[in-house]
Colleague: 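Can you read through this structure? Questions will come right after.
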Amino acid sequence: MDNSKIQVLTGMHDILPAEAGIWRAFESAVAEVTREYGYEQIRTPLLEETRLFVRSIGEETDVVGKEMYTFDDNGTSVSLRPEGTASCLRAVIEANYLYDGPKKLWYMGPMFRHERPQKGRYRQFHQFGIEALGFEGPDIDVEIVAVGRALFRKLGFKDGDLSLEINSLGNKEERALYREKLVEYLKKHESILDEDSKRRMTTNPLRVLDTKNPELQEMCEKAPKLIESLGEESLAHYEEFKEYLTALGIAYVENPRLVRGLDYYNQTVFEWTTTELGSQATVLGGGRYNGLIGDLGGKDQPAIGFALGIERLLLLATQKGLINPSEEPDVYLMHQDGKTKMAAFQLAEKLREAGWTVLMHYGSKKLKNQFQKANQSGARWGVVVGESELEKGVAALKDLKGDKGQVEVAMGELPAFLKTWKS
Ligand code: HAM
């Protein structure tokens, strides 16, 4: 029999209890922020038809071209979702959910990309994303950015811990025009291009500007800028977007080379980045994707959204010592077995019904050992139901962290009594 150890898959990870508290704190902050801004939750399957991602994210992107977990399911090609936007639109179109006007949605959950793992880059990772469907903007573009800032603030980040980069990609026609200009320019410099950039020059030339190759930086700096190909309407949208950002006190840096890695973007694009996570610097990325709802078979509507990489944000928060959820119990409940254990069990249930967190003692009968365990648990109070207490119908309550000492309280009154002891 094969009894070798089985390990987690490369690029995937468990979230053990010590870390789970931070995740829950993050999830609570998400619940608050999305409520404050009026976004509704949507939950979609992890598995979709492969062609959904091919048609939305684009065949030539790294995500679809190289990174999807794809397999055949009885003749249908299916893929684990590499991101949330496509599934979200598929669901909304299918349910005709936009029939009575624009909608603002949020989602959270695992995504899958078969990438080379490194710090901040995994094969199963988690995103929190929002999508505003049916809004022209640019006011909503700014709201989307503001949701990100509100979440960062709620988690204890200071403005400036993350920097906002913005750009405008213009509309389809403007980008096509720019693409021609750029390819012409790249062709002139073909002799210095690396293999990746040569391939991208024909498949997705805008992505060449995204290269990390230091030898190409100068050539990229001097390349024609997309913003110079934008028409009046796109420019006005972008200008107004910037004015609103300023009005809300959101600092930004314009990055004319910001193009994003998925094909569906146009007009406004943005990323929140950090210098503290090495090469995986983008914590949140998003932008406008007008036209995509139509391309996927829905009634065409403008749309914009973002997704945040939860692992990256929590890594950064941990590095900065933010988010320290306290998970310590209120009460450690001790007893002397037999009838006292039974009474302690009943008391524990009453305390929990009243909202207190209670750890019941299991194991050694010696009270000294039990008190050691109580202290190790971090509980605020030790409660003992011993034989003498049980006879009197009381519990002995001991303050384990403060200087209130020890008192006897009638068992039935303990849940309420603790409230008065709390301060
Ligand atoms: P994305 O830029 O591909 O956009 O991903 C968004 C964020 O997910 C990234 O900025 C990063 O923090 C995180 N992320 C991506 N890949 C990984 C990975 N392998 N490991 C860890 N974290 C990762 C989207 O997914 C779009 N759907 C965003 C969007 C929504 N645009 C409009 N609406």
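Start at 1 and go down the list; that is how both ligands and their atoms are numbered. Just so you know, these numbers use all the heavy atoms, side chains as well, and skip hydrogens, waters and symmetry mates. From a predicted model like this one, the values you see are computed outputs, not experimental measurements.
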Colleague: Please write down residue, atom name and distance for the protein heavy atom closest to atom 9 (C) of ligand 1.
Modeller: T282 O, 4.0 Å

Colleague: Measure the distance from atom 7 (C) of ligand 1 to every protein heavy atom, then report the residue, atom name and distance (to 0.1 Å) of the closest one.
Modeller: A307 O, 3.7 Å

Colleague: Assess the side chains of N171 and N290: does a donor N or O sit below 3.5 Å from an acceptor N or O?
Modeller: no

Colleague: Going by an N to O cut-off under 4.0 Å, is there a salt bridge joining E239 and K242?
Modeller: yes

Colleague: Do any nitrogen or oxygen atoms of Y122 lie less than 3.5 angstrom from nitrogen or oxygen atoms of ligand 1?
Modeller: yes

Colleague: Where is the nearest protein heavy atom to atom 13 (C) of ligand 1: which residue, which atom, and how far?
Modeller: G309 CA, 3.6 Å

Colleague: At what distance is the nearest protein heavy atom to atom 24 (C) of ligand 1, and which residue and atom is it?
Modeller: L262 CD1, 3.6 Å

Colleague: Quick test: of every protein heavy atom, which one is nearest to atom 5 (O) of ligand 1, and how far off is it to 0.1 Å?
Modeller: Q127 NE2, 3.2 Å

Colleague: Is the contact between V283 and ligand 1 made by the side chain, the backbone, both, or neither, using heavy atoms and a 4.0 Å cut-off?
Modeller: backbone

Colleague: Which one holds for W272 and ligand 1: side chain close, backbone close, both close, or neither close, with close meaning a heavy atom under 4.0 Å?
Modeller: neither

Colleague: Heavy-atom contacts with G286 under 4.0 Å: which atoms of ligand 1 show up? List them by number with element.
Modeller: 31 (N)

Colleague: Where the closest heavy atom to atom 1 (P) of ligand 1 is concerned, which of E271, E83, H114, R260 has it?
Modeller: R260

Colleague: Can you check salt bridge (charged side-chain N to carboxylate O under 4.0 Å, His left out) on D330 and K419, steps first, answer last?
Modeller: CA-CA 11 Å; D330 298 311; K419 279 202 191 121; over 6 Å; no

Colleague: Does G129 reach ligand 1, in the sense of a heavy atom lying below 4.0 Å from it?
Modeller: no

Colleague: Hey, mind stepping through T85 and Y264 against side-chain hydrogen bond (donor to acceptor under 3.5 Å, both in side chains) and telling me if it holds?
Modeller: CA-CA 10 Å; T85 310; Y264 49 61; 3.2 Å; yes

Colleague: Which class fits the ring pair F345 and Y362: parallel under 30°, tilted 30 to 60°, perpendicular over 60°?
Modeller: perpendicular

Colleague: Salt-bridged, D295 to K172, with N to O below 4.0 Å?
Modeller: yes

Colleague: Among F125, Y107, F306, Y265, which residue places a heavy atom closest to atom 31 (N) of ligand 1?
Modeller: Y265

Colleague: So is E131 in contact with ligand 1, going by heavy-atom distances below 4.0 Å?
Modeller: yes

Colleague: Testing L322, I323, L155 one by one against L313 for a side chain to side chain contact (heavy atoms under 4.5 Å, CB included), which residue passes?
Modeller: L155

Colleague: Please list the nearest protein heavy atom to atom 21 (C) of ligand 1 with its residue and the distance rounded to 0.1 Å.
Modeller: G120 O, 3.3 Å

Colleague: Among protein heavy atoms, which sits nearest to atom 26 (C) of ligand 1, and what does the distance come to when rounded to 0.1 Å?
Modeller: Y264 OH, 3.3 Å

Colleague: Could you establish whether G261 and ligand 1 come within less than 4.0 Å of each other, counting only heavy atoms on the residue side?
Modeller: no

Colleague: Any cation-pi pair here, K154 with F26, using under 6.0 Å and within 45°?
Modeller: no

Colleague: Could you tell me which non-hydrogen atom of L230 sits nearest to which non-hydrogen atom of L169, and how far apart they are?
Modeller: CD2-C, 4.0 Å

Colleague: Classify the ring geometry between H13 and H126 as parallel (under 30°), tilted (30 to 60°) or perpendicular (over 60°).
Modeller: tilted

Colleague: For atom 19 (N) of ligand 1, what is the nearest protein heavy atom, given as residue, atom name and distance?
Modeller: E115 OE2, 2.7 Å

Colleague: Output yes when a side-chain donor or acceptor of Y252 lies under 3.5 Å from a complementary backbone atom of I250, and no otherwise.
Modeller: no

Colleague: Within a distance under 4.0 Å of any heavy atom of Y289, pick out the atoms of ligand 1 and give their elements.
Modeller: 32 (C), 33 (N)

